[in-house]
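Let me begin by presenting the structure, written as structure tokens, before commenting on it.
FYI, side chains are in, hydrogens and waters are out, and symmetry mates aren't considered; it's all heavy atoms of this structure. Lettering of chains follows the sequences in order, A, B, ..., and the numbering in each one begins at 1. Just so you know, these numbers come straight off a predicted model, no measurement behind them.
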Amino acid sequence: DTGVSQDPRHKITKRGQNVTFRCDPISEHNRLYWYRQTLGQGPEFLTYFQNEAQLEKSRLLSDRFSAERPKGSFSTLEIQRTEQGDSAMYLCASSPRGDFTDTQYFGPGTRLTVL
Amino acid sequence: DQQVKQNSPSLSVQEGRISILNCDYTNSMFDYFLWYKKYPAEGPTFLISISSIKDKNEDGRFTVFLNKSAKHLSLHIVPSQPGDSAVYFCAASASPEKLTFGTGTRLTIIP
């Protein structure tokens, strides 16, 4: 399977704990994106990487959130001091080049529940 | 500020008939539009896209229509099949960097 993979698929944590999610993009895709989806809403853009460079961050990405993409391959999204409002599905997507008509391909998501 | 709107939260269509899902947008800078399909516990799956230089794009049973003057696009599925039952998201982009999604329409195909 050469699709986007995410780990873990589910995470339950207590308020105040730190969590880290991993995303492995499709091989040779230069662009990697993180989105968040809450109940009844569509995915909302959080941040994206061109290779290892993080080029844009949404205002939704508070100081408690940090994302990395070392060596331009997999990416991690860390949430520090989790809050109940962080409960959501975190989606990762990748695209080949970032051209105008590139399609973003999504992974299955990590569902976070903060108790 | 909901820049992409899907005003129908749900739609039921009989198997074999046409399904029409609608999407409106407000940002005139959007120039690339996509439809994604999502099953429960899975990520969105790309269906079909259209750029603003076209008004129609077709791929098998799926056709997307774009009316730029009305800032409206629609997805037609014909004939509808039970496997088409899912949540459909409309998405728009003003650049390759990020997509702005609508809130989704849950399509149910009735056998």
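Two rings, from Phe106(A) and Tyr36(B), have their centers less than 6.0 Å apart.
Only the side chain of Arg9(A) comes within contact range of chain B, judged by heavy atoms closer than 4.5 Å. Proximity to chain B is limited to the side chain of Gln37(A), based on heavy atoms less than 4.5 angstrom apart. Interface remark: Gln41(A) contributes backbone and side-chain atoms alike to the contact with chain B (heavy atom separation under 4.5 Å).
Under a cut-off of 6.0 angstrom, the local environment of CD1 in Ile12(A) is sparse, with at most 12 non-hydrogen atoms contributed by other residues, nucleotides or ligands. Counting heavy-atom neighbours within 6.0 Å of Arg15(A) CZ, excluding the residue itself, gives a total of 12 or less. In this structure, Leu115(A) places its CG atom where more than 12 heavy-atom neighbours from other residues, nucleotides or ligands lie under 6.0 Å away. Other residues, nucleotides and ligands place no more than 12 heavy atoms under 6.0 Å from the CD atom of Glu68(A). More than 12 heavy atoms of other residues, nucleotides or ligands sit less than 6.0 Å from atom CZ of Arg61(B).
Distance check, rounded to the nearest 0.5 Å: CG of Leu55(A) to NZ of Lys98(B) gives 12.5 Å.
A single hydrophobic cluster is seen to contain both Phe101(B) and Leu34(B), as judged by linkage of ILVMFWY side chains at heavy-atom distances under 4.5 Å, directly or through other members.
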Leu99(B) vs Tyr35(A), test: side chain to side chain contact (heavy atoms under 4.5 Å, CB included). Steps then yes/no. CA-CA 9 Å; Leu99(B) 299 175; Tyr35(A) 290 82; 3.6 Å; yes
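Residues Gly43(B) and Leu91(A) approach most closely at CA-CD2, 4.1 Å, considering heavy atoms. Taking each heavy atom of Gly42(A) and Phe89(B) in turn, the nearest pair found is CA-CE2, 3.5 Å.
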